[in-house]
Structures are given as structure tokens and as C-alpha cells.
Asker: 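Have a look at this one.
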2 protein chains.
Amino acid sequence: MKNKNDRLQTIRQVVIECKIGSQEELLKELLHRGYTVTQATLSRDLKRLKITKTLDNTGEYRYRLTDLSFISEKSENNAKALGANSLEFSGPLAVMKTRSGYAGAIAAEIDQHAGEAVLGTIAGDDTILIIPREGFSRVEITNILSNLIENLS
Amino acid sequence: MKNKNDRLQTIRQVVIECKIGSQEELLKELLHRGYTVTQATLSRDLKRLKITKTLDNTGEYRYRLTDLSFISEKSENNAKALGANSLEFSGPLAVMKTRSGYAGAIAAEIDQHAGEAVLGTIAGDDTILIIPREGFSRVEITNILSNLIENLS
DNA sequence: ATAACGATTGCAAGTTTATACAAAAATGAA
DNA sequence: TTCATTTTTGTATAAACTTGCAATCGTTAT
């Protein structure tokens, strides 16, 4: 529990779980978990992790992840086992083809794990329509989905 | 071009169009467009607009809108009454999220009552894709749907 | 082992952002 | 209008964040 990667992982976790409003707060939370660092390091860590200070609905500042690909790094992920055949874009939309009958299951995984990058999905039998949130590029969507599902190019 | 609302609107525009990396930069850009304000005011404006400093793909800081939907809180609340959780737009399309299993029922209501503003809907389990007719703005669609959902409950 | 090189970190200084407070402007009621 | 009340803004300052630099830590090659 002392190397950089562990610390980064812990920061992610803390930011997701706690309402962190400043780097000082985060620093205390980390200290509490056995990591001794300076605020300067946290500034750099947060930059690496693309965690930024945002505004929640109550108008208060709160640190949040901007890059959602972290989700796929979470220990176990069913979607990876499920596989998918292709992913293509048309205008703002993405269409994923899956093995016959698998669309529903994979769509459910996407809904659950793709986070705010995806507004929603609609699944047929072997086709999933994915509606990305505005502001997310094709590359970003592809990255998020491909992290989620192994077999994508 | 001198009141607060105009300024806020302009700030939004500038942030979307230019790569703004600090409030000082934004200040200059606004000055350039005829608004004389101090950094303190900008800090407050950005808070109101929920525009925050984020990280772009190149790892540089950039101000961005946090709230990607322009949905009024009213319609969001109305939607919630029925079991719909949110309504957001992506390009010409609208996506409504509902409680699990409710999408079909709500989509049917929309088809039946939304009139000419909506070409059609496609429902998954908890997601409805709504295709507006060309020429209808997001605000119009939002109003129509929120009225509709209000009447349903 | 040790030299060389890259990565990581703390320190301190610099930059940027948030806010307390008071003044000014807008709003409203009588 | 005039007074009271709320909203908006600037000033000044505090708080929060970023970064250059040098020291340290880790690797790898010799």
C-alpha cells in the first residue's frame, strides 16, 4: 500500500465515495488510509487521473472523475466475458453488434458501467443502439466501451 | 449587451467556442466582446453556470460546462413523478430514462399524445429514444414532454 | 556494487480561484 | 417619490491550486 499506483487507485475510490471539496480534504482522507503525501503531489495525481473540481446539484464544489474509463478497471466485469462483434458510428449514435441473443445482457452492462458518457441504450436481439452524451467524442466512447468489452477493436 | 443575463449567455458561448484555460483568459475574451468585469464576478458567474475547469484529452486545463443538458428542473421533476428519471438531448434526438420496465408504457403515451412534434419513439427497458420532427427546438420538445408527463400523473 | 537515467516527490514560490465585506444598483411597497 | 430590501458587483484578501527546481527513489546496464 505504498506505491504510486495504489495511491492513485485509492484516490479514485475516495473521490467516488466521499464528498471531497478540496485537495486538503483529500489529503486528510488519504492520511487516514495510510498515505502520506503533500498537496502538490495530489494536484499532480488528480491531473493524471483527470479528476476535477466540479459543482454538484446543491451548488457546492466537489471533486469528480472526468474520465470514466476507470469503471472498466474495477475488478470483475461480466461484459468482457460476453464479447461483442463490432461497433460503428452513425452521426451521434453508436451501434454495437453482438452474438445473437446477447444484446440485452451487454446493453445492461453498458447501462450499468459506462457512466455519464452514455445517455442510454436500446437493445434488440443482436444489435444495441447506444446514445452517447453530447460532448463525448467517438474516440472517447470507443475507449470506454472497448475497455468495457474486450473483443472490440 | 450590458445586463447580467447577456453576459452569462456570452460566457457560455465563449467557453464552448474558445479554449479557455483560466478566468483571466475569459476576462480578456469578454472585454474583447464589450463586457467589462472583474475576475471575482467571473468566478461567481462560472459557479452559477456550472462551468468548471476540466482536463481535455491533451492533458491541458480547459473550462467546460458540467451540466450538459439544458433541461429545466421543472420538467425533470415532472418526469420523475411518472417514473421517468431524466430527459436529455443528443444531436437531433432526445433520450428519456425511466424506471426499469416503464419505457414501453411511457413511450406509448408519448406516441399517442405528443402530436406532430414527435415523429416516433423507440423504447427499450428503461430508455426511450424520441425522434423529434425537424424544426422543433429542444425547449419546445422539453415543454411538450413535460406537459404530457404532467397530465399522465 | 555503482554509474547513469528516468520517474516521483517535496518544497517553496507563483498563479489562479473563491469569498467576506461594503458599496452600488436594482426592485418593490407604500 | 422615498424608504426598505434584495441582488449584483468590485475590492481586497484568503484559500486553493499549479509548477519549477532540486533532491530522492528505482531501474537497468555495465
Side-chain angles (χ1 to χ4, degrees), chain A residues 1-67 69-70 73, chain B residues 1-67 72-74:
Chain A
M1 290 288 275
K2 274 202 130 189
N3 71 74
K4 184 183 156 193
N5 281 343
D6 285 340
R7 189 184 66 236
L8 292 181
Q9 200 54 43
T10 303
I11 290 174
R12 252 178 195 148
Q13 215 50 43
V14 169
V15 166
I16 291 168
E17 289 169 6
C18 313
K19 280 190 186 174
I20 300 297
S22 74
Q23 295 179 7
E24 287 297 330
E25 260 177 73
L26 179 57
L27 194 143
K28 282 175 195 161
E29 203 61 47
L30 284 177
L31 198 66
H32 193 262
R33 291 164 200 236
Y35 294 94
T36 309
V37 277
T38 58
Q39 174 269 323
T41 298
L42 289 187
S43 174
R44 289 183 276 242
D45 284 353
L46 292 172
K47 189 170 187 175
R48 275 186 275 249
L49 291 166
K50 296 210 179 185
I51 291 172
T52 55
K53 203 162 90 172
T54 64
L55 290 156
D56 66 12
N57 336 21
T58 75
E60 304 211 310
Y61 291 100
R62 170 168 187 177
Y63 275 86
R64 285 202 147 107
L65 283 140
T66 13
D67 183 7
S69 57
F70 75 94
E73 292 173 22
Chain B
M1 289 285 278
K2 276 203 127 185
N3 71 75
K4 183 182 158 194
N5 281 344
D6 285 340
R7 190 184 65 233
L8 292 181
Q9 201 54 43
T10 303
I11 289 174
R12 212 179 225 153
Q13 213 52 42
V14 168
V15 165
I16 290 169
E17 288 169 6
C18 313
K19 282 189 184 172
I20 300 297
S22 74
Q23 296 180 7
E24 287 298 330
E25 260 177 74
L26 179 56
L27 194 143
K28 282 175 195 162
E29 203 61 47
L30 284 176
L31 197 67
H32 189 53
R33 291 165 200 234
Y35 294 94
T36 308
V37 277
T38 59
Q39 173 269 323
T41 299
L42 288 188
S43 175
R44 290 182 276 240
D45 285 352
L46 292 172
K47 188 170 187 175
R48 276 185 274 248
L49 291 167
K50 295 210 181 183
I51 291 173
T52 56
K53 203 162 89 172
T54 65
L55 290 156
D56 66 12
N57 334 22
T58 75
E60 305 213 309
Y61 290 101
R62 169 169 187 176
Y63 275 86
R64 283 200 144 112
L65 283 141
T66 328
D67 189 5
S72 70
E73 305 214 344
K74 174 172 170 278

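As the structure is a prediction and not an experimental result, all values here were calculated from the model.
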Asker: So which heavy atom on B:Leu27 is nearest to which on B:Gln39, and how close?
Answerer: CD1-N, 3.4 Å
Asker: Do any side-chain nitrogens or oxygens of A:Arg7 fall under 4.0 Å of OP1 or OP2 in C:dT9?
Answerer: yes
Asker: Measure from the side chain of B:Lys53, starting at C-beta and using heavy atoms only, and say which of C:dG10, D:dC17, C:dT17 lies closest.
Answerer: C:dT17
Asker: Under 4.0 Å between a side-chain N or O of A:Lys47 and OP1 or OP2 of D:dT19?
Answerer: yes
Asker: Can you tell me if B:Thr38 touches the phosphate of D:dT9, counting only side-chain N or O atoms and a distance under 4.0 Å to OP1 or OP2?
Answerer: no
Asker: Among B:Ile20, B:Leu8, B:Ile11, exactly one meets side-chain contact (heavy atoms from CB on, under 4.5 Å) together with B:Leu46. Which residue is that?
Answerer: B:Ile11
Asker: Could you go through the side chain to side chain contact (heavy atoms under 4.5 Å, CB included) check for A:Lys47 and B:Leu55 one step at a time?
Answerer: CA-CA 7 Å; A:Lys47 189 170 187 175; B:Leu55 290 156; 4.0 Å; yes
Asker: Counting any heavy atom closer than 4.0 Å, what does A:Thr52 reach on the DNA or RNA strands: base, sugar-phosphate only, or nothing?
Answerer: nothing
Asker: Look at the side-chain N and O atoms of A:Tyr35 and state whether any lies under 4.0 Å from the OP1 or OP2 oxygen of C:dT9.
Answerer: no
Asker: When you check the phosphate oxygens OP1 and OP2 of C:dT17, does a side-chain N or O of B:Ser43 lie under 4.0 Å from one of them?
Answerer: no
Asker: Can a side chain N or O of A:Lys4 be found less than 4.0 Å away from OP1 or OP2 on D:dG26?
Answerer: no
Asker: Could you state the CZ-P distance from B:Arg62 to D:dT18, rounded to the nearest angstrom?
Answerer: 18 Å
Asker: I need the CG-P distance between A:Leu46 and D:dC17, as an integer number of Å.
Answerer: 9 Å
Asker: Please determine whether any donor N or O and acceptor N or O are separated by less than 3.5 Å between the side chain of B:Gln39 and the base of C:dA18.
Answerer: yes
Asker: Rounded to whole Å, please give me the gap between CG in B:Asn5 and P in C:dT27.
Answerer: 11 Å
Asker: Measure the spacing between OG1 of A:Thr54 and CZ of A:Arg64 and express it to the nearest 0.5 Å.
Answerer: 4.5 Å
Asker: For the pair made of CD in A:Gln23 and P in D:dC17, what is the distance, rounded to whole Å?
Answerer: 4 Å
Asker: Has B:Tyr63 got a side-chain N or O lying under 4.0 Å from the OP1 or OP2 atom of C:dT16?
Answerer: no
Asker: Rounded to the nearest Å, what distance is computed from the CG atom of residue A:Leu42 to the C1' atom of nucleotide D:dT19?
Answerer: 15 Å
Asker: Identify which one of B:Thr41, B:Asp45, B:Leu42, B:Thr36 satisfies the side-chain contact (heavy atoms from CB on, under 4.5 Å) criterion when paired with B:Leu30.
Answerer: B:Leu42
Asker: Can you identify which nucleotide, out of D:dA16, C:dT9, C:dC21, has its nearest atom closest to the B:Arg44 side chain?
Answerer: C:dC21
Asker: Can you tell me the distance, in whole Å, between the CZ atom of A:Arg48 and the C1' atom of D:dC17?
Answerer: 15 Å
Asker: Under 4.0 Å: is that the gap between some side-chain N or O of A:Thr41 and OP1 or OP2 of C:dG10?
Answerer: yes
Asker: Rounded to the Å, how far apart are A:Leu27 CG and D:dT18 P?
Answerer: 14 Å
Asker: What integer distance in Å separates B:Glu60:CD from D:dC17:C1'?
Answerer: 17 Å
Asker: Return the 5'-most residue of the pair B:Tyr61, B:Thr36 with respect to DNA chain D, ranking by each residue's nearest nucleotide.
Answerer: B:Thr36
